[in-house]
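Any value given below was found using the heavy atoms of this structure, including those in side chains, with hydrogens, waters and symmetry copies removed. In what follows, every chain begins at residue 1, and chains take the letters A, B, ... in the order their sequences are listed.
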Amino acid sequence: MANLYSNMNGSDIIITSRIRLARNIKDIPFPHKLDEDKSNEIIDKVYGTLSGDDLQGIGPFNLVRFNKLSSAEKFSMVERHLISKELISNASKSAAIVNENENVSIMINEEDHIRLQVMMPGFKLKEALNYANELDDIIEGKIDYAFDNKLGYLTSCPTNVGTGLRASVMLHLPALSISKSVGGILNTLNQVGMTIRGIYGEGSSSEGNIYQVSNQVTLGLSEEEIINSLIAVVGKIVDQEKAARNALNEKQGKELEDDLYRSIGILKYARMLSSREALNLLSNVRMGIDMGIIKDVKPEVVNELIVKVQPATLQLQSDKELSGAERDELRAAIVRDAL
Amino acid sequence: MLCQNCNKKEATVHITKIINGVKTELHLCEDCARENPEVNLSQPFGIGVPFSFQNILDGLFEVSGIEKKEVNDEIRCPVCNMSMEDFRRTGRVGCGNCYAAFKNEMIPLVKRIHGGVQHTGKVPKRTGGLLKVRRDIDKLKEELKTSIDNEEYEKAAEIRDKIKELEKSADNENNKGKGEK
Ligand SMILES: [Zn+2]
Ligand SMILES: [Zn+2]
């Protein structure tokens with residue numbers, strides 16, 4: 001479980017890169033217009049393209065049907081960024097194709113017939129795009145896509161037509177969050193057809209200071225152009241985060257150090273942790289490691305915990321249904337163990 | 001504060017939505033929040049105003065110069081039977097053919113969203129046909145130019161051969177298309 005996150009070795013501000021391609025099958029109504037039989041046909045058809053022996057080292061891929069999974073198992077997949085909530089809200093008509101190390105996930109009958117996702121640790125958008133294109137070509141080898149010379153790949157929502165590409169990078173931005181600079185970044189990004197959003201939590205700030213930067217415009221630019229501008233923008237954000245960390249260190253070095261040590265202290269000894277508290281403290285520890293202040297914790301351990309402390313993934317660690325308080329207790333125990 | 005949905009557990013998830021200037025607040029417990037379709041982990045509302053396609057759709061139609069009354073509801077997509085009214089309600093088209101069936105409405109809308117209306121990206125490998133070949137030729141022509149600029153004449157000759165080959169296959173593709181019609 002959570003292989004993608006535990007495989008990361010110390011990539012610091014950039015956590016993961018992700019490519020998503022939206023594709024639909026020619027002359028077949030989109031998923032929201034389909035009954036169960038038709039939906040199942042599509043699932044079989046898409047899985048059929050990836051279940052053969054001629055995949056040359058790619059795969060194997062497993063088909064996940066949600067009617068066989070518990071609620072915790074389903075939501076844990078959401079927490080691991082493999083699938084969306086929308087996909088499981090339509091469980092009887094949808095499915096996911098996932099590979100062993102969970103860096104490929106193909107959602108079937110979400111908003112579009114096919115949503116192909118490739119995730120890679122660190123800053124690897126080009127590699128992820130190449131991999132996604134390979135898989136896309138394999139599927140297209142046996143399935144006719146809905147495609148128009150002018151509008152490109154046709155999608156259920158007009159916001160995705162063209163390349164159908166959503167490229168995104170998950171970033172850890174604690175110093176920019178503290179200095180309340182994320183709103184300003186959002187405004188700037190919107191002007192260049194991109195956006196930034198918090199990944200976890202709700203309200204005005206992102207829990208755990210983890211954000212996702214992605215392109216909004218999908219038509220009129222090639223895949224390479226979209227990725228190149230995203231790479232440039234992310235590079236700038238990383239520079240800003242580093243500058244903000246340095247400024248923080250210079251102005252409030254002692255307070256910052258105290259904060260970071262207190263965070264790891266609480267994580268090591270607390271008996272109950274809510275997911276919000278755990279994520280925020282883990283964010284501090286991650287920043288402490290990146291800045292060389294905290295030395296006895298490996299960054300991979302923190303990255304893995306970020307996923308493990310999520311409610312549904314946590315529930316999977318227990319064989320009985322947990323209450324909120326019991327979850328907080330188990331969460332604290334898991335964090336203590338890991339640290 | 002108790003959860004607005006079950007009134008039993010403490011509300012730990014607080015959602016503020018601002019749509020068309022109207023602010024609404026929602027307070028839920030963790031369990032109810034997870035069941036709530038508006039609480040979406042993959043599209044979090046961490047910062048700014050949540051992006052709701054349905055809510056901005058009418059606005060986009062307005063600036064695209066399409067008045068609601070002008071939309072003819074009699075027209076339906078021949079493949080999926082969608083009407084323009086269905087699209088307004090759901091923000092989703094019914095099938096790929098809807099874009100052609102409602103060209104007059106969809107093209108300006110797409111232009112508002114993306115700024116452009118000409119796809120320049122990937123073309124399906126197997127079914128892309130002529131367009132795929134043309135894209136490949138364009139790409140090679142650019143490579144040819146670079147190699148000439150770099151005075152790599154051997155490489156340039158190789159690329160030139162490849163272009164010739166592709167142009168031949170484009171001709172064949174073209175004739176094939178005519179033959180079918
Ligand atoms: Zn509740
Ligand atoms: Zn249609």
- [ ] Apply the test side chain to side chain contact (heavy atoms under 4.5 Å, CB included) to residues B:Gln118 and A:Asn149: give CA-CA distance (whole Å), side-chain angles for both, the deciding distance (0.1 Å), then the verdict.
- [x] CA-CA 8 Å; B:Gln118 182 56 60; A:Asn149 285 352; 5.7 Å; no
I need the [X] [atom1] to [Y] [atom2] distance, nearest 0.5 Å.
| X | Y | atom1 | atom2 | result |
| --- | --- | --- | --- | --- |
| B:Ile107 | A:Lys150 | CD1 | NZ | 5.5 Å |
| B:Lys125 | A:Glu140 | NZ | CD | 9.0 Å |
| B:Asn97 | A:Lys26 | CG | NZ | 8.5 Å |
| B:Cys80 | A:Ile28 | SG | CD1 | 12.5 Å |
| B:Cys95 | A:Ile25 | SG | CD1 | 12.5 Å |
| B:Arg92 | A:Ser156 | CZ | OG | 5.0 Å |

TODO: In sequence, state the C-alpha distance, the side-chain angles, and the governing distance for A:Lys142 and B:Arg126, and then conclude on side chain to side chain contact (heavy atoms under 4.5 Å, CB included).
DONE: CA-CA 9 Å; A:Lys142 288 176 186 150; B:Arg126 181 176 53 88; 5.8 Å; no
Open item on the list: Does B:His119 form a side chain to side chain contact (heavy atoms under 4.5 Å, CB included) with A:Leu151? I'd like the steps, not just the answer.
Closed with: CA-CA 5 Å; B:His119 176 59; A:Leu151 293 178; 6.0 Å; no
Just wondering, do [Y] and [X] contact through their side chains at under 4.5 Å, heavy atoms?
| X | Y | result |
| --- | --- | --- |
| A:Tyr153 | B:Val123 | no |
| B:Lys111 | A:Leu219 | no |
| B:Thr120 | A:Glu225 | yes |

Tell me, side chain or backbone of [X] under 4.5 Å from chain B's heavy atoms, or both, or neither?
| X | result |
| --- | --- |
| A:Asn160 | backbone |
| A:Ser274 | neither |
| A:Asn187 | neither |
| A:Asp27 | both |
| A:Thr195 | neither |
| A:Ser89 | neither |
| A:Ile143 | backbone |

TODO: Identify which of A:Ser275, A:Gly164, A:Gly193, A:Gly220 forms the greatest number of heavy-atom pairs closer than 4.5 Å to chain B.
DONE: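 Winner by heavy-atom pair count: A:Gly220.
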Task: Contact leader toward chain B among A:Gly324, A:Ala146, A:Pro31, A:Pro29, where contacts are heavy-atom pairs under 4.5 Å - done: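 Most heavy-atom pairs within the cutoff with chain B belong to A:Pro29.
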Task: Chi angles and distances behind the salt bridge (charged side-chain N to carboxylate O under 4.0 Å, His left out) call for A:Asp137, B:Lys122 - done: CA-CA 11 Å; A:Asp137 292 344; B:Lys122 187 174 180 178; 3.0 Å; yes
Task: Contacting region of B:Val117 [heavy-atom separation from chain A under 4.5 Å] - done: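 The answer is both parts of B:Val117.
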Task: Whether over 12 other heavy atoms sit under 6.0 Å from B:Glu152 CD - done: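 Atom CD in B:Glu152 is packed in, count exceeds 12.
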- [ ] Applying salt bridge (charged side-chain N to carboxylate O under 4.0 Å, His left out), name anything that partners B:Lys145, two or more places apart in sequence or on another chain.
- [x]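 Partners of B:Lys145 by the salt bridge (charged side-chain N to carboxylate O under 4.0 Å, His left out) criterion, ordered by chain and then number, come out as B:Asp149.
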Task: Non-hydrogen atoms of B:Gly96 and A:Leu154 that approach each other most closely - done: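 Distance-wise, the nearest heavy atoms are O-CD1, 3.3 Å.
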Task: Heavy-atom pair with the smallest gap, counting every atom of B:Val93 and A:Phe30 - done: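 Minimum heavy-atom contact is O-CD1, 3.2 Å.
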Task: Greatest number of heavy atom pairs closer than 4.5 Å to chain A - which of B:Cys98, B:Ala100, B:Gly94, B:Gly121 - done: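 Of B:Cys98, B:Ala100, B:Gly94, B:Gly121, B:Gly94 has the most heavy-atom pairs under 4.5 Å with chain A.
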